[in-house]
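Values reported hereafter were calculated over all heavy atoms of this structure, with side chains retained and with hydrogens, waters and symmetry mates removed. Treat the numbers as computed from the prediction; the structure is a model and nothing was measured. Whatever order the structure lists ligands and atoms in, that order sets their numbers, starting from 1.
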Amino acid sequence: MRSSQQIQSKRNPLVVGNWKMNGSRAEINHLIPKIIEGTADLKNIEVVVCPPFVYLETVLKKIAAADTSIEGVSANLGIGAQNCYCEKSGAFTGEISSGMLNDSGCRWVILGHSERRALFGETDALIAKKCQSAYDADLIPILCVGETLEQRKSGKTFEWIGSQIEVILKIVSLEVWNRLVVAYEPIWAIGTGITATPEEAEEVHIFLRECINKVYPNRGQSVRILYGGSVKAENAMGFFAKDNIDGALVGGASLIAEEFVNICKLCSKAKV
Ligand code: PGA
């Protein structure tokens, strides 16, 4: 029993860059080789970048090229998308399926980001279906949850996050939790320069593990949970030093090569 718990609680640290609707071919040509060179030696963590759909292939090609062109460097960089739809194919103009992402060489997908919830009306039920479909297509879903400033100020943080994760737990199957990553992103910390304190984040991460454990005993200990919201190299170590924070989902700072690489290095150092 003890040993199976130990295996379950081994969580590989992870840093994910969410480029949002930013980037261009020129920027990718500049950014990707620098990220590859800077992170190639960090073998104890996983590093992923999530460019806009139209640049997935450009980034993939850049990674393939770097693997052969930079001497002694083998890329330690995964590719993710920022969204997908829950149906396999059909009349869903403008949408991209999880199977298409897999087919295009993508291995990760961010789902339920607060910007998609707020600006595009995504509900927990839809996000849960997307998580299931991403899992079924062999992708790793990165599920985002988080509270507004009002909710935090009125003491509703845990109730809200509990309700978000509860819907996902009801709809997705048990196996999905073997692979799914959760990102706790307080909405008031996204793009604002204000972060939760590492203690506030740790408290939510522990709570999320408890919510998962209530439905699937012990499973909460093995799910990777990232913190996101204004993570920069100057504040990242405080988060990585916490036992229940397994890495970061990084927005703005992931568009600056040196900053992103430094965040990855700090994660690698903290989680040895
Ligand atoms: P930020 O964004 O790091 O720019 O705050 C994080 C996110 O939205 O994933």
### Message
Any carboxylate oxygen within less than 4.0 angstrom of a Lys/Arg side-chain nitrogen, looking at Arg209 and Asp246?
### Response
yes

### Message
For residues Leu169 and Tyr184: do they belong to one hydrophobic cluster (side chain heavy atoms under 4.5 Å, members Ile, Leu, Val, Met, Phe, Trp, Tyr)?
### Response
yes

### Query
Do the ring planes of Phe158 and Phe207 sit parallel (below 30°), tilted (30 to 60°) or perpendicular (above 60°)?
perpendicular

### Message
Please say yes or no: joined through hydrophobic side-chain contacts below 4.5 Å, possibly via intermediate residues, are Leu111 and Leu226 part of one cluster?
### Response
no

### Message
For Glu159, give me all partners under side chain to side chain contact (heavy atoms under 4.5 Å, CB included), at least two apart in sequence or on another chain.
### Response
Lys156

### Task
State plainly whether the residues Asp138 and Arg179 are in salt-bridge range, i.e. N to O under 4.0 Å.
yes

Quick one: table the atom pairs, ligand 1 N or O against protein N or O, below 3.5 Å, distance rounded to 0.1 Å.
residue: ligand 1; atom: 2 (O); partner: Lys20; partner atom: NZ; Å: 3.4
residue: ligand 1; atom: 3 (O); partner: Ser230; partner atom: N; Å: 3.4
residue: ligand 1; atom: 3 (O); partner: Gly251; partner atom: N; Å: 2.8
residue: ligand 1; atom: 4 (O); partner: Gly252; partner atom: N; Å: 2.9
residue: ligand 1; atom: 5 (O); partner: Gly191; partner atom: N; Å: 2.7
residue: ligand 1; atom: 5 (O); partner: Ser230; partner atom: N; Å: 2.7
residue: ligand 1; atom: 8 (O); partner: Lys20; partner atom: NZ; Å: 2.7
residue: ligand 1; atom: 8 (O); partner: His113; partner atom: NE2; Å: 2.6
residue: ligand 1; atom: 9 (O); partner: Asn18; partner atom: ND2; Å: 3.4
residue: ligand 1; atom: 9 (O); partner: His113; partner atom: NE2; Å: 3.3
residue: ligand 1; atom: 9 (O); partner: Glu185; partner atom: OE1; Å: 3.3
residue: ligand 1; atom: 9 (O); partner: Glu185; partner atom: OE2; Å: 2.7

